[in-house]
Protein chains: 2
Amino acid sequence: MSDLKSAGYRLTQSRAAVVRIIDESNGWLRPEQVHTQAKKYCPSIGLVTVYRTLALLVEHGYIRRIHFDDKCHGYARVELSHGHHLVCRGCNQTIEIAGTEDLRPLMKQVQNETGFVIEDHLLELVGLCRECQHIPTRPRNHHG
Amino acid sequence: MSDLKSAGYRLTQSRAAVVRIIDESNGWLRPEQVHTQAKKYCPSIGLVTVYRTLALLVEHGYIRRIHFDDKCHGYARVELSHGHHLVCRGCNQTIEIAGTEDLRPLMKQVQNETGFVIEDHLLELVGLCRECQHIPTRPRNHHG
DNA sequence: TCCTTATTGATAATAATTTTCATTATGACA
DNA sequence: TGTCATAATGAAAATTATTATCAATAAGGA
Ligand SMILES: [Mn+2]
Ligand SMILES: [Mn+2]
Ligand SMILES: [Zn+2]
Ligand SMILES: [Zn+2]
């Protein structure tokens, strides 16, 4: 948020609300969900502004888009490491993966073998968190 | 294609056309593109059938969805290895990455640290192919 | 406090994908 | 090889996701 200020962006109510919602969540959220929840802090916020803010936050590396098999996307906070995510398909809990330097050798190998210059990569792990493993059928939200 | 037959699906003209187009392409294709090109082999094919066929092929592991920063998705063939892709952002050429067993240790480590059971993963590398590196500004399609 | 203008929200417009449903073509079987 | 049940198709309509417009508003520097 302060990064945005120093980048010349205004610190608006709407933006603060979106950031706050994302910070409070421990899982990924869809734009629609962010919108609904952000109204808690900025009742007048519109869905369009949510989209705009999410794009801004992605651009500045504060959040990252999560991809699924079906059409819709989610957004989750990037904390410290390289920004890759481990997603529970039961409860949507999303945590960041550390130690993706392990990918370096693979990258190097691929560059050598293909002649490509690799500029970016996307890594996403999907599974079941400890809690969701114990729920027999169709695991569901035990987190907010 | 023969997998589909043994799975009880009918081998229709439309499906054959879609598979053929995907086989002939050495890059990812969007549904719209698949539709346009598939008409070569099945002039009556509709876009809806393309969507349905792509979903079927994804389901059966024959193709995989490619994710981008912007909204739209592409589909690329899965050949032999684990199904991860290296995508040229210049010409859309898409080749499969071998050697993703390199990810095993990372997986194991993550499982131990988080308690998650990892069921699936998505890895996508983006960069510039040899040819596109030599094109100064905004690299473009030199492949079909 | 005043003023400039970046940002917003409502609305409309696009783009992407799915549903519906009557028609067609596949493939099992006689 | 012809018949038949039905899986699959295509046209059109309906949804969903996302983006563009534009007049009104609110940040924040002076
Ligand atoms: Mn990384
Ligand atoms: Mn995606
Ligand atoms: Zn869970
Ligand atoms: Zn290229």
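Within every chain, numbering begins at 1; the chains are lettered A, B, ... in the order of the sequence lines, protein sequences first and strands thereafter. Keep in mind it's a predicted model, so treat the numbers as computed, not measured. Computed over heavy atoms, backbone and side chain alike; hydrogens, waters and symmetry mates excluded.
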Given protein heavy atoms under 4.0 Å, the one-letter contact record of nucleotides 25-30 of chain D, with B base, S sugar-phosphate only and - none, is simply -BBS--
Rounded to whole Å, NE2 of His73(B) lies from C1' of dT17(C) at a distance of 11 Å
Bend of the helix from dT1(C)-dA30(D) to dA30(C)-dT1(D) from end-axis comparison, five pairs per end, nearest 10°, comes to 40°
In short, ring-ring contact (aromatic ring centres under 6.0 Å, His included) pairs touching residues 6-32 of chain B with sequence neighbours left out are Tyr9(B)-His60(B), Trp28(B)-Phe68(B)
Expected rows: protein N/O vs nucleotides 9-12 of chain C N/O, under 3.5 Å:
| from | atom 1 | to | atom 2 | distance (Å) |
| --- | --- | --- | --- | --- |
| dG9(C) | OP1 | Ser44(A) | O | 3.0 |
| dG9(C) | OP1 | Ser44(A) | OG | 3.4 |
| dG9(C) | OP1 | Ile45(A) | N | 3.3 |
| dG9(C) | OP2 | Gly46(A) | N | 3.2 |
| dG9(C) | OP2 | Thr49(A) | OG1 | 2.4 |
| dG9(C) | O5' | Ser44(A) | O | 3.4 |
| dG9(C) | N7 | Arg52(A) | NH2 | 2.5 |
| dG9(C) | O6 | Arg52(A) | NH1 | 3.4 |

The complete set of salt bridge (Lys or Arg N to Asp or Glu O under 4.0 Å) pairs with one or both residues in residues 109-119 of chain B, sequence neighbours excluded, reads Arg89(A)-Glu119(B)
To the nearest angstrom, the OH-C1' distance between Tyr51(B) and dA14(D) comes to 15 Å
Centroid-centroid under 6.0 Å between His73(B) and His73(A) rings = yes
Open item on the list: Could you check whether any side-chain heavy atom of Leu57(A) comes within less than 4.5 Å of a side-chain heavy atom of Tyr75(A), counting everything from C-beta outward?
Closed with: no
Checklist entry - Is there side-chain contact between Leu106(A) and Leu123(B), with at least one heavy-atom pair below 4.5 Å? => result yes
Between the CZ atom in Arg64(A) and the OG1 atom in Thr94(A), the distance rounded to the nearest 0.5 Å is 13.5 Å
Sorted by chain and residue number, the salt bridge (charged side-chain N to carboxylate O under 4.0 Å, His left out) partners of Arg20(A) (sequence neighbours excluded) come out as Glu24(A)
Between CZ of Phe68(B) and C1' of dT18(D) the distance, given in whole Å, is 17 Å
Is there a donor-acceptor contact under 3.5 Å from the side chain of Gln111(B) to the main chain of Ile118(B)?
yes
With sequence neighbours left out, the residues meeting side chain to side chain contact (heavy atoms under 4.5 Å, CB included) with Thr12(B) are Arg10(B), Ser14(B), Arg15(B)
Q) Hey, are the side chains of Leu125(A) and Phe116(B) touching, using non-hydrogen atoms and a 4.5 Å cut-off? A) no
To the nearest 0.5 Å, atom NE2 of His121(A) lies from atom CE of Met107(A) at 4.0 Å
Contacts satisfying ring-ring contact (aromatic ring centres under 6.0 Å, His included) that involve residues 33-52 of chain A (not counting sequence neighbours) are none
Review item, nucleotides 22-24 of chain C N/O atoms under 3.5 Å of protein N/O:
none

Rounding to 0.5 Å, atoms CD (Glu96(B)) and OG1 (Thr114(A)) come to a distance of 13.5 Å
Note: contacts of residues 54-62 of chain B with DNA chain C (heavy atom, under 4.0 Å) are none
Residues 32-49 of chain B vs salt bridge (Lys or Arg N to Asp or Glu O under 4.0 Å), sequence neighbours excluded, gives none
Atom CG of Leu4(B) and atom C1' of dG27(C) are separated, to the nearest Å, by 15 Å
For Leu122(A), the hydrophobic cluster (side chain heavy atoms closer than 4.5 Å, chained through members) also holds Leu122(B)
